[in-house]
Amino acid sequence: MLVEGGDRLAGAVLAVKPNDAEGACRVLGAVGVTRILSIVAGIPSQRLETALGGAPSVVRAMPNTPLWLVPG
């Protein structure tokens, strides 16, 4: 989480399962977070902004790095 001016939470990285994203945003909004970087797949920014409440700023990032699975 980002801290601005001492103890105030300014932003957070949202990296949860899609089913938990809106609940996590409600909790973050309740503690005063207004900026989120989301890597949650399938959840539009508008839904996250609504769950945060207030005047939030949400940025989505979708990593495009292939995963290599090696047996063993």
Peer 1: Roughly how far, to the nearest 0.5 Å, is the CG atom of Asp20 from the SG atom of Cys25?
Peer 2: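 Spacing of SG (Cys25) from CG (Asp20) equals 11.0 Å.
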
Peer 1: Do you know which two heavy atoms are closest between Pro56 and Glu49, and how far apart they sit?
Peer 2: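 Shortest heavy-atom contact: CG-O, 3.5 Å.
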
Peer 1: Looking at Gly42 and Arg60, what are the two nearest heavy atoms and their distance?
Peer 2: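 Scanning both residues, the minimum pair turns out to be N-NH2, 3.8 Å.
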
Peer 1: With hydrophobic residues grouped by side-chain heavy-atom distances under 4.5 Å, do Val13 and Val59 end up in a single group?
Peer 2: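 Yes; Val59 is reachable from Val13 via cluster members.
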
Peer 1: Please round to the nearest 0.5 Å and tell me the distance separating atom CG of Leu52 and atom CZ of Arg47.
Peer 2: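 Answer rounded to 0.5 Å: 13.0 Å.
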
Peer 1: Mind listing the closest non-hydrogen atom pair of Met62 and Ser38 along with its distance?
Peer 2: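 Where Met62 meets Ser38 most closely, the heavy atoms are CE-O, 4.3 Å.
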
Peer 1: Looking at Leu14, Leu37, Leu48, Ile43, which hits side chain to side chain contact (heavy atoms under 4.5 Å, CB included) with Val58?
Peer 2: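 Among Leu14, Leu37, Leu48, Ile43, the one that satisfies the side chain to side chain contact (heavy atoms under 4.5 Å, CB included) with Val58 is Leu48.
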
